[in-house]
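Numbers here are sequence positions counted from 1.
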Amino acid sequence: VSTSKITIPTVLYGLVPMPHLPLLPELAAPTKALWNDAAGAGHGLLALLTVVLLFLHVGAVLKHQVIVKDDVFARMALGARSGITEPRLWIVGICGFALIAASYFYVPTISKATPVAAVTSEDVDLDEPPITTAKTTNTAVHPQVAATTAVVAPVVIAEVKPMPLSHWLVSNNAHLGFATTWTGEPVVGSFKHWTADIVFSPDELDKSTLAVNVDLATVSTGDEQRDTALPSADWFDAEHHPQAVFTAKHFRKVGDNSYKAEGTLSLRDKTSPVVLSFKLKIDGDKATAKGSTMLDRNVFGVGQGEFAATDQIPAAVKVSFNLTAMRQP
């Protein structure tokens with residue numbers, strides 16, 4: 001752990017923090033990697049040596065019990081008789097084989113992280129049937145004429161005024177998150193601190209703008225070690241690039257209440273085009289929006305060195321948001 005490529009704390013029994021070995025964390029990356037490889041090999045050899053010693057000790061007990069027939073086993077299990085017919089010898093043997101078998105066949109259930117409202121534009125249908133307002137006049141006519149008139153009578157639609165371009169203030173319960181996997185297990189996270197500057201009107205898309213600033217150091221996935229590692233240089237490098245910035249000035253309507261925002265994302269020291277799909281519902285001065293996009297983390301250098309490989313952590317990361325905003329006067 002002291003020579004790990006990522007900063008991982010050691011917490012004994014999940015309660016007592018253990019310090020790293022001195023000097024090792026400050027070594028240069030190549031030297032640290034050599035120490036890490038040597039430590040890994042050393043731990044593997046120690047584990048193998050432990051297994052060998054275990055079998056040697058068990059073999060020695062069996063030799064004394066079955067061949068020499070002395071009281072070595074009796075000093076471990078008081079009152080045990082020498083020879084192969086001793087029942088406690090068989091009980092110990094059966095328990096040992098059962099333990100070994102369990103290690104091969106029993107797979108413990110690993111609790112998976114619960115998604116923290118990682119919503120996408122497909123999760124909630126914001127579409128509503130169109131509302132029309134009809135103007136009718138009560139007239140005393142013959143029933144047959146009235147029935148015919150009811151079928152062919154023109155419907156007068158109330159005039160809908162274009163919505164002016166407005167600033168929108170995002171509520172505090174807004175959510176911005178991401179989802180990926182690590183060795184097949186889902187990883188869902190979010191950012192505690194982020195801001196959005198929204199100027200938008202569905203009737204003036206050519207003048208609408210969006211700017212989102214994300215504080216990368218506030219990432220949260222529900223795992224303390226992962227949350228400590230993600231802001232490091234191997235991932236977000238929050239020390240040198242504290243914010244991710246998404247800006248969009250080109251919006252397209254692609255369906256009922258459905259839009260696409262075409263912009264750019266700056267993350268670490270890379271900038272790349274991003275298309276954000278979202279659904280929007282505006283009710284008076286209140287707007288509700290949900291959306292998502294897919295990012296290639298390797299385009300932005302998120303995951304350096306061995307973490308750039310996609311065999312355990314895929315390149316594709318889903319980013320989603322869910323917000324409510326109020327129109328500003």
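Not counting sequence neighbours, the partners of E204 by the salt bridge (charged side-chain N to carboxylate O under 4.0 Å, His left out) test are K207. Partners of R297 by salt bridge (charged side-chain N to carboxylate O under 4.0 Å, His left out), not counting sequence neighbours: none found. E262 pairs by the salt bridge (charged side-chain N to carboxylate O under 4.0 Å, His left out) definition with R252, not counting sequence neighbours. Partners of D71 by salt bridge (charged side-chain N to carboxylate O under 4.0 Å, His left out), not counting sequence neighbours, listed by chain and number: R75.
At a threshold of 4.5 Å between non-hydrogen side-chain atoms, the residues M76 and V61 count as touching. A heavy-atom distance below 4.5 Å is not found between the side chains of Y259 and V254. Between T221 and F178 the shortest side-chain heavy-atom distance falls below 4.5 Å. For the pair H167/I198, no side-chain contact is recorded, criterion being any heavy-atom separation below 4.5 Å from C-beta on.
The hydrophobic cluster containing L15, built from Ile/Leu/Val/Met/Phe/Trp/Tyr side-chain heavy atoms closer than 4.5 Å, also comprises L12, Y13, V16, M18.
For residues 237-249, no pair satisfies salt bridge (Lys or Arg N to Asp or Glu O under 4.0 Å), with sequence neighbours left out.
Here the side chain of E86 pairs a donor or acceptor atom with the backbone of R88 at under 3.5 angstrom.
Aromatic pair W235/F307: ring centres closer than 6.0 Å.
More than 12 heavy atoms of other shown residues, nucleotides or ligands fall within 6.0 angstrom of atom CG in L34. Heavy-atom contacts from other residues, nucleotides or ligands closer than 6.0 Å to CG of N172 number 12 or fewer.
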